[in-house]
Amino acid sequence: MKHTQVKITTEFIRLDALMKMAHLVGSGGEAKIRIQQGEVKVNGEVCTMRGKKMRPGDSAEALGTYIDVLG
């Protein structure tokens with residue numbers, strides 16, 4: 001598994017935007033599809049909400065990559 005970190009300067013970032021920032025997907029549309037198909041986990045549980053608010057300390061897993069959100 002690949003591991004990456006994304007640093008944010010705001011209170012939160014939406015899950016679909018996080019996937020784009022981490023270069024896991026090429027577009028928001030691709031992120032939406034992968035999230036809705038249950039291919040993404042947030043903090044260890046499958047998440048199908050593309051607008052899920054990710055805050056520092058949260059993590060996501062998709063396409064063989066772990067993403068840690070840093071503040």
Could you go through residues 32-41 and list every donor-acceptor pair under 3.5 Å that involves a side-chain atom there, pairing it with any protein atom two or more places apart or in another chain?
unit_1: Arg34; atom_1: NE; unit_2: Glu30; atom_2: OE2; d: 3.3
unit_1: Arg34; atom_1: NH1; unit_2: Glu39; atom_2: OE1; d: 2.7

Worksheet entry | Test side chain to side chain contact (heavy atoms under 4.5 Å, CB included) applied to Ala22 - qualifying residues, sequence neighbours left out |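 Residues passing side chain to side chain contact (heavy atoms under 4.5 Å, CB included) with Ala22: Thr4, Val6, Leu24, Ile67.
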
Practice prompt. Go through the structure and list residues passing side chain to side chain contact (heavy atoms under 4.5 Å, CB included) with His23, not counting sequence neighbours.
Written response: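 His23 satisfies side chain to side chain contact (heavy atoms under 4.5 Å, CB included) with no other residue.
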
Fill in: Side-chain touch Lys2/Leu63, heavy atoms, less than 4.5 angstrom
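Heavy-atom side-chain distance check fails, nothing below 4.5 Å.
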
Discussion item. Under 4.5 Å side-chain heavy-atom separation, chaining through any Ile, Leu, Val, Met, Phe, Trp or Tyr, what else clusters with Met1? Say none if it is isolated.
Written reply: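 Via sub-4.5 Å side-chain contacts, Met1 links to Tyr66.
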
Worksheet entry | Cluster link Met21 to Val25, ILVMFWY, side chain under 4.5 Å |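 Looking at the clustering, Val25 is in the same group as Met21.
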
Worksheet item: How long is the span from the NZ atom in Lys20 to the CZ atom in Arg14, to the nearest 0.5 Å?
Response: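 Separation between the atoms: 8.5 Å.
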
Validation: residues 44-61 side-chain donor-acceptor distances under 3.5 Å, sequence neighbours left out:
unit_1: Arg55; atom_1: NH2; unit_2: Glu11; atom_2: OE2; d: 3.4
unit_1: Asp58; atom_1: OD1; unit_2: Asn43; atom_2: ND2; d: 3.1
unit_1: Asp58; atom_1: OD2; unit_2: Arg55; atom_2: N; d: 2.8

